[in-house]
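This report refers to the structure that appears directly beneath it.
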Number of protein chains: 2
Amino acid sequence: MPRLHIGNIKPHVVEAKYAVRGELAVKSEEYRAKLRRGDTDLSFSEVISANIGNPQQLDQKPITFFRQVLSILEYPQLLDNEQVLLNNLGYKPDVLERARFLLKNIGSVGAYSASAGVPAIKESVAKFLEKRDGFPADPAHIYLSAGASSGVNTLLHILCAEPTSGILVPIPQYPLYTASLAVLNATCVPYYLDEAAQWGTSVETIKEAYNAAKSNGTDVRAIVIINPGNPTGASLSEADIRSVLQFAAEEKLVVLADEVYQTNVFVGKFHSFRQVLLTLQKENPGKYDGVELASLHSISKGMVGECGHRGGYFDLIGFNKEVEEQIYKFVSIMLCAPVIGQCLVELMVNPPQPGDPSYPLYEQEYNGIFEGLRKRATALYEAFKEMEGVECGEPQGSMYLFPTIHVSTKAADAARAEGRTPDEFYCMRLLEATGVCVVPGSGFGQKEGTLHFRTTFLAPGTEWVSSIKKFHQEFMEKYR
Amino acid sequence: MPRLHIGNIKPHVVEAKYAVRGELAVKSEEYRAKLRRGDTDLSFSEVISANIGNPQQLDQKPITFFRQVLSILEYPQLLDNEQVLLNNLGYKPDVLERARFLLKNIGSVGAYSASAGVPAIKESVAKFLEKRDGFPADPAHIYLSAGASSGVNTLLHILCAEPTSGILVPIPQYPLYTASLAVLNATCVPYYLDEAAQWGTSVETIKEAYNAAKSNGTDVRAIVIINPGNPTGASLSEADIRSVLQFAAEEKLVVLADEVYQTNVFVGKFHSFRQVLLTLQKENPGKYDGVELASLHSISKGMVGECGHRGGYFDLIGFNKEVEEQIYKFVSIMLCAPVIGQCLVELMVNPPQPGDPSYPLYEQEYNGIFEGLRKRATALYEAFKEMEGVECGEPQGSMYLFPTIHVSTKAADAARAEGRTPDEFYCMRLLEATGVCVVPGSGFGQKEGTLHFRTTFLAPGTEWVSSIKKFHQEFMEKYR
């Protein structure tokens, strides 16, 4: 018997579920390795990782301005050859200027930065927030993080004091939240999004979940909102955000606004929780002053798509000073967020502006990516509309579609015989038949009796969409 | 009253102590900001951050080969101008070759990698381990991490099942361990290093600590060894490593070998726990087969010094398959280590070899950094020898000296009046007088009644050393 085994390691780690990189993802990587070795016994020639929002793994190209600046940050001696950069390599003067600005403020990107991030980069984020929301921001309350995931991890560590500490989490949700709450041995208080209303957020539903949890002895402390939604793509209206904040103010709930998809919006307009909260505070002196809001953003999504660089930030409003000191200490134990990722945060929030030498290409690339995503989303949506027993809302935002599937009793029985839920069963068969890896709805949570899967719409071309359609038809025939 | 306050957030976070970036570090950053603003009311003109092993913040230059490769990884279009790179920018052909190899295996550094790291990079680490230790390694048990800190965090999460789960930790130690155990609400079982024997590790002392903890009901599961030591610099002999492993085998303790300073060795030779364990397994069939060993390494230290890039790995021997599955799941929740940091791991473990075009410069830079560190360490040590009431062992390795200080009763009283320990008091006065930031020994743990501080020997020049000497003399006079 080894010293460590499944029965004596931390049980809360064992309990955590994270389907986005679970069994299906592991199997898809095995297939990919097989194909790389030249094996020909699979019924497909390519693995499509539609299980995770990983734009640059598929087709999304990095923004040229960003990467040119990073190349100089990694090798500052390039600046000794200014003419070569400008004349032979096509770098524009504003690339060199930005690199100089960052190097001046950072020193080497190989050095640890201050724990909460490079001060000059926090100032850039503050300026971005001010411009986006129309209210000034204070860099002292901005914390740079290794992606938004690391920010969520920090905030939940602070919030989850006891097993009875409860956090309201939308269902379906990106499973970072339920997985982290499991590891922290705290209570997830699920509130369901309304599929019939394009996955909208209803304060009535939140209230019911809150009251039920409270009456069960849960100390509900915070509410998570993912806007635009993951996996749903839903984009909250300003009125919905107001009502969530009103509820948070009434019940003294900390608000965690996960806004990493804020630029991935096809329908309507993104409203930040920060902007709406500060507006409410202005309109209603005193009433909203006590609201504690943490908003998170990331370089991984949007037209930036730089997941591998692990950059992001969170911004705090209304947090107690002593609590912020504990947040600082907590992040300092892991020293600092990757400094190159911090630089990408700066570039994201402070991109080339009209008139800058790099602006025309930046604009072209940015719009190209945005339009490409919209087109792919629409093509996939059109394909789902044609598939028997599949229902899917119009693409609204984020990087995902989350269709409902209806499977026969025969398929459900076959799934049970394999020890899987019907959606897991469906997704496993899909992977085996087509090489397309998606995530079963059960990985995000879904209403009892409903079945879904989440797919990104990042993969190029239409072949993989056709292969899903073909598989689906065969699956339906087989289990009719 | 805010919803979150110091009395209701996670108490285990509040209890954690992390002096390396604590009050003194915060104050030193305030001074730095003051100086940057042009304030002239301080008694020094520069802040020297000797509190943290952050080589590139001070004087250590990045290795040219590494950074040239990274510049291409960030902007692969540079490869379209091969002649410009070679003829105008001084890149050698092996830089381009390595960049091509990494890009081929990674795709974009802006994409998430596999959760445990890029497979090709894990293979390079395995080859490095094989070459270093003389025993083959399996990439399947190698996990790339965001610095060694993140690896320690992962392993302690798995190990710490209950408040009674105990981990043997050397004292003095780098406070990542005690801080993480506090956050995880597990039990730190301290064992003292022997200052009189150049901070050596004694198995007798470990046994005593182990038995005492066991008889108090602690479920001691693992032993942490930091070799070479932080903050002590001590380098373990092969015999000492053998005896630790023998004890671990007898008592079924998991071994966590923190070997991030493996190339920072001035006295003796580095022996890896992995090499010694595999040798013991070979020599004593059956006896050591059950030992579970995790070894950690990092790009942050050594002649690499790339802390800001947050890269590292850990390698597991003897871990149960189901436990490794849980480790995989745990790391996957945070998606992956920064991909550029992973690439630096590859470059660290697979540097230019004799005959390669980049080798001469690499060798010159590497040796220059090593000799520079040795010289600085010696200069600082010589200064400490001349200081009244200061005792310091000869520099052995890592990036630190950890002198003992003796202060008068008067100084101890003045410290008490300020609510500080005498070493905290001393270090605070040192910072105020000289701008030199060091860490009080209490931040690492020290034997009752002894006082120390830890300083890096990374800062260039001798001026800061003179300012410490001058301060010390004045301090001794004042409190005589």
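Hydrogens, waters and symmetry mates are skipped; everything else that's a heavy atom, side chains included, is used. In what follows, chains are A, B, ... by sequence order, proteins preceding strands, each numbered from 1.
Put simply, of A:Val339, A:Val109, A:Val183, the one with the most heavy-atom pairs under 4.5 Å next to chain B is A:Val109. Annotation: maximal heavy-atom pairing with chain A below 4.5 Å, among B:Gly341, B:Ala111, B:Ser165, occurs at B:Ala111. Between chain A and the options B:Leu58, B:Ile72, B:Asp219, heavy-atom pairs under 4.5 Å are most frequent for B:Asp219. Top candidate by heavy-atom pairs under 4.5 Å with chain A, chosen from B:Asn320, B:Leu70, B:Asn54, is B:Asn54. In terms of heavy-atom pairs under 4.5 angstrom with chain A, the leader among B:Glu322, B:Glu306, B:His309 is B:His309. Ranking B:Ser49, B:Ser71, B:Gly318, B:Ala25 against chain A, the residue ahead of the rest is B:Ser71, based on heavy-atom pairs under 4.5 Å. When each of A:Cys307, A:Ala161, A:Ala337 is checked for heavy-atom pairs under 4.5 Å with chain B, A:Cys307 comes out on top. For the options A:Pro62, A:Ala16, A:Gly107, heavy-atom pairs under 4.5 Å to chain B are most numerous at A:Ala16. In terms of heavy-atom pairs under 4.5 angstrom with chain B, the leader among A:Gly290, A:Gly311, A:Ala179, A:Cys160 is A:Cys160.
Side-chain atoms of A:Arg3 never come within 3.5 Å of backbone atoms of B:Val254 as a donor-acceptor pair (strictly under, hydrogens ignored). B:Lys329 places no side-chain N or O within 3.5 Å of a backbone atom of A:Gly22 that could act as its donor or acceptor partner. One N or O on the side chain of B:Glu292 and one on the backbone of A:Leu4 form a donor-acceptor pair closer than 3.5 Å.
Remark: A:Arg21 is positioned above the aromatic ring of B:Tyr112, its terminal NZ or CZ atom under 6.0 angstrom from the ring centre and at most 45 degrees off the axis.
By the 4.0 Å N-to-carboxylate-O rule, A:Glu74 lies close enough to B:Arg67 to be salt-bridged with it.
Distance check, rounded to the nearest 0.5 Å: CD of A:Gln77 to OG1 of B:Thr64 gives 5.5 Å. Atom-to-atom distance recorded for B:Leu78:CG and A:Gln68:CD is 8.5 Å, nearest 0.5 angstrom. Atom CD of B:Gln56 is separated from atom CD1 of A:Ile106 by 12.5 Å, given to the nearest 0.5 angstrom. Distance check: B:His157 NE2 to A:Lys10 NZ gives 6.0 Å after rounding to the nearest 0.5 Å. A distance of 10.0 Å separates OG of A:Ser108 from CD of B:Gln57, quoted to the nearest 0.5 Å.
Residue contact with chain A, scored on non-hydrogen atoms closer than 4.5 Å, involves the side chain of B:Ser300 exclusively. Of the atoms belonging to B:Val84, it is side-chain heavy atoms, and not backbone ones, that fall under 4.5 Å from chain A. Looking at B:Tyr177, neither its backbone nor its side chain comes within 4.5 Å of chain A, counting heavy atoms on both sides. For B:Leu335, the parts lying under 4.5 angstrom from a heavy atom of chain A are both the backbone and the side chain. Interface remark: B:Pro55 contributes no atoms to any contact with chain A (heavy atom separation under 4.5 Å). B:Val304 does not touch chain A: none of its heavy atoms, backbone or side chain, sits under 4.5 Å away. With a 4.5 Å cut-off on non-hydrogen atoms, B:Phe66 does not touch chain A at all. For B:Gln326, the parts lying near chain A are the backbone and the side chain together; criterion is any non-hydrogen pair under 4.5 Å. Heavy-atom distances place no part of B:Ala146 under 4.5 Å from chain A, backbone and side chain included. When heavy atoms are compared at a cutoff of 4.5 Å, A:Ala114 approaches chain B solely by way of its backbone atoms N, CA, C and O. Contacts of B:Ser113 with chain A are made by backbone atoms alone, with heavy-atom separations under 4.5 Å and no side-chain atom involved. Residue contact with chain A, scored on non-hydrogen atoms closer than 4.5 Å, involves the side chain of B:Ile52 exclusively.
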Quiz item: Do B:Arg310 and A:Cys336 pass the side chain to side chain contact (heavy atoms under 4.5 Å, CB included) test, and can you show the C-alpha distance, the side-chain angles, and the key distance before you say yes or no?
Solution: CA-CA 8 Å; B:Arg310 314 305 302 119; A:Cys336 68; 4.3 Å; yes
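Residues B:Arg221 and A:Ile9 share a closest heavy-atom pair of NH1-CA, 4.3 Å.
Only one option out of A:Val13, A:Leu176, A:Asn153 pairs with B:Ile333 in a side chain to side chain contact (heavy atoms under 4.5 Å, CB included); it is A:Leu176.
The closest side-chain heavy-atom distance from B:Lys252 to A:Pro2 is not below 4.5 Å.
Enclosure of atom CD in A:Glu23 is not indicated, since only 12 or fewer non-hydrogen atoms of other residues, nucleotides or ligands lie within 6.0 angstrom.
Separation of the B:Tyr75 and A:Tyr91 ring centroids falls under the 6.0 Å cut-off.
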